[in-house]
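Along the sequence shown, the residues carry numbers beginning at 1. As the structure is a prediction and not an experimental result, all values here were calculated from the model.
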Amino acid sequence: MTLIAGIDGCPAGWICLVENLDTGEIYSSLYRTARELVYQSPSPDLMMIDIPIGLPEAGHRQCDVEARRLLANRHMTIFPAPIRAALTARTREEASDITFGIDGRRVAHQSWGLYPKVREIDELLRSDVGLRGKLLETHPELCFRQWNNGEILQSSKKSPTGRQARFGLIGEHLFNGIRHRHPKATEVGSDDIADAFAALWTAKRKWYGTAIQIPSLPPQDSFGITMSIWY
């Protein structure tokens, strides 16, 4: 039995879509913590997740720079990864001061919202090197661009037009099936489900050797964690 997973953060924690490649069955689960997510049973053989993996000491990651270039006028959907020194900050103001002292830039409110989940995943990858080959970073907007024959989806994922475009690629029946299992928007948003499907689509591409990695020769951070994005 071969299992792959696509994962996105959501208000309740993490939404995880798992596909059994032997049967084509797709099922979903909600996990409150990253530890519960990555150590689920049965364990997926490959997991694609929409969260920065591998953190720079300063500056921007090369994968983020390349992702912004590929997304052109939609580059703002790629949030800068935290620099490592700021990751343990207790407030956005503290993280912003640390980042400004090292990089000369501030931490935006939306970027700060990702810090707890980045910290969760980073702690697991630092403590368990066995996770590093099976838990990989993706970005849904890059996935949807590739899925859409290389054309960038111009509408926001939260807009009616954007939702329709994404669900059209996913398949209304697949999306509606998962939405039916997780009806509370306060726990899982429609955009979270769509992003998890994009990650799952890329997990399948990676498993069969057709996914793209940027950069093609990725660097590692100070803990030996590879800094790249797959799509």
Side-chain angles (χ1 to χ4, degrees), residues 1-10 12-55 61 63 67 81 117-147 166 169-171 173-175 177-178 181-182 188 192-221 223-231:
M1 181 173 65
T2 302
L3 303 177
I4 59 170
I7 302 158
D8 190 50
C10 62
W14 305 90
I15 175 71
C16 178
L17 304 183
V18 174
E19 181 172 356
N20 183 331
L21 293 181
D22 300 325
T23 66
E25 178 192 7
I26 297 174
Y27 60 89
S28 64
S29 300
L30 272 179
Y31 294 95
R32 302 294 174 179
T33 70
R35 179 169 292 277
E36 293 171 343
L37 168 73
V38 301
Y39 294 121
Q40 63 183 275
S41 181
S43 176
D45 300 282
L46 174 66
M47 295 179 279
M48 282 285 174
I49 188 168
D50 176 23
I51 205 73
I53 287 177
L55 303 176
R61 301 186 306 167
C63 57
K117 283 184 163 59
V118 175
R119 189 162 50 242
E120 272 193 293
I121 294 296
D122 182 68
E123 289 172 354
L124 291 167
L125 288 168
R126 285 192 287 115
S127 63
D128 185 350
V129 296
L131 289 174
R132 298 180 188 182
K134 65 182 293 186
L135 182 64
L136 303 176
E137 179 180 351
T138 189
H139 193 282
E141 292 304 298
L142 285 176
C143 301
F144 281 123
R145 172 187 177 274
Q146 190 71 17
W147 205 344
R166 287 159 179 79
L169 291 168
I170 295 163
H173 66 290
L174 285 175
F175 171 79
I178 300 301
R181 296 178 209 172
H182 307 285
V188 186
D192 302 322
I193 294 172
D195 286 352
F197 267 114
L200 181 64
W201 182 82
T202 294
K204 183 180 285 191
R205 282 166 50 80
K206 174 67 170 68
W207 188 260
Y208 290 119
T210 59
I212 298 169
Q213 182 185 35
I214 54 173
S216 56
L217 296 174
Q220 294 181 337
D221 72 3
F223 285 91
I225 301 171
T226 298
M227 296 183 286
S228 69
I229 297 174
W230 290 89
Y231 66 96

*asked:* Ignoring hydrogens, what is the shortest heavy-atom contact between A12 and R32? Give both atom names and the distance.
replied: CB-NH1, 3.1 Å
*List for me each residue that meets side-chain contact (heavy atoms from CB on, under 4.5 Å) alongside P218, sequence neighbours excluded, and say none if there are none.*
Q213, P215, T226, S228
*What residues form a side chain to side chain donor-acceptor pair (under 3.5 Å) with E19, not counting sequence neighbours?*
K204
*asked:* Measuring from atom CD1 of I49 to atom OG1 of T138, what distance do you get when rounded to the nearest 0.5 angstrom?
replied: 10.5 Å
*asked:* When you compare the side chain of C16 with that of I7, does any pair of heavy atoms fall below 4.5 Å?
replied: yes
*Sequence neighbours excluded, which residues qualify as side-chain contact (heavy atoms from CB on, under 4.5 Å) partners of A196?*
D8, I15, L17
*For K206, what residues pass the side-chain contact (heavy atoms from CB on, under 4.5 Å) criterion, not counting sequence neighbours?*
L46, M48, L136, A211, W230
*Taking the side chain as every heavy atom from C-beta outward, state whether L142 and I214 have any pair of such atoms under 4.5 Å apart.*
yes
*Can you run down the salt bridge (charged side-chain N to carboxylate O under 4.0 Å, His left out) pairs that involve residues 121-135, sequence neighbours left out, and say none if there aren't any?*
R84-D122, D122-R126
*If you measure from CD1 on I229 to CG on D50, what distance do you get to the nearest 0.5 Å?*
9.0 Å
*Which atoms form the tightest heavy-atom contact between C143 and Y231, and what is the distance?*
N-CB, 4.0 Å
_Check against side-chain contact (heavy atoms from CB on, under 4.5 Å), H182 and S28_ = CA-CA 9 Å; H182 307 285; S28 64; 2.7 Å; yes
*Does any non-hydrogen side-chain atom of K117 lie less than 4.5 Å from one of W14?*
yes
_Heavy-atom check, side chain of L135 versus side chain of I121, under 4.5 Å_ = yes
*Who passes ring-ring contact (aromatic ring centres under 6.0 Å, His included) against Y31, sequence neighbours left out?*
none
*Residue pairs passing the salt bridge (charged side-chain N to carboxylate O under 4.0 Å, His left out) test where at least one lies in residues 20-30, sequence neighbours excluded*: none
_With sequence neighbours excluded, residues passing side-chain contact (heavy atoms from CB on, under 4.5 Å) with T210_ = R205
*Could you tell me which residues satisfy ring-ring contact (aromatic ring centres under 6.0 Å, His included) with W201, sequence neighbours excluded, listed by chain and number?*
W147
*So how far is it from F144 CZ to L169 CG, rounded to the nearest 0.5 Å?*
6.5 Å
*State, to 0.1 Å, how close A203 and I4 come at their nearest heavy-atom pair, and which atoms those are.*
C-CD1, 4.0 Å
_Contact between Y39 and L131 at the side-chain level, heavy atoms closer than 4.5 Å - yes or no?_
yes
_Counting neighbours of CZ on R35 that are heavy atoms of other residues, nucleotides or ligands and sit closer than 6.0 Å, is the number greater than 12?_
no
*Heavy-atom pair with the smallest gap, counting every atom of D192 and C10*: OD2-CB, 3.4 Å
*Assess whether side-chain contact (heavy atoms from CB on, under 4.5 Å) is satisfied between L55 and V118, documenting all intermediate values.*
CA-CA 9 Å; L55 303 176; V118 175; 4.0 Å; yes
*Kindly write out the residues that satisfy ring-ring contact (aromatic ring centres under 6.0 Å, His included) with W207, not counting sequence neighbours, or none if the list is empty.*
none
*Side chains of F197 and R166: closer than 4.5 Å at any heavy-atom pair?*
no
*Could I get the full list of side chain to side chain donor-acceptor pair (under 3.5 Å) partners for R61, not counting sequence neighbours?*
D64, E137
*With E120, which residues qualify under salt bridge (charged side-chain N to carboxylate O under 4.0 Å, His left out), at least two apart?*
none
_Contact summary for V38 and M47, nearest pair of heavy atoms_ = O-CE, 4.1 Å
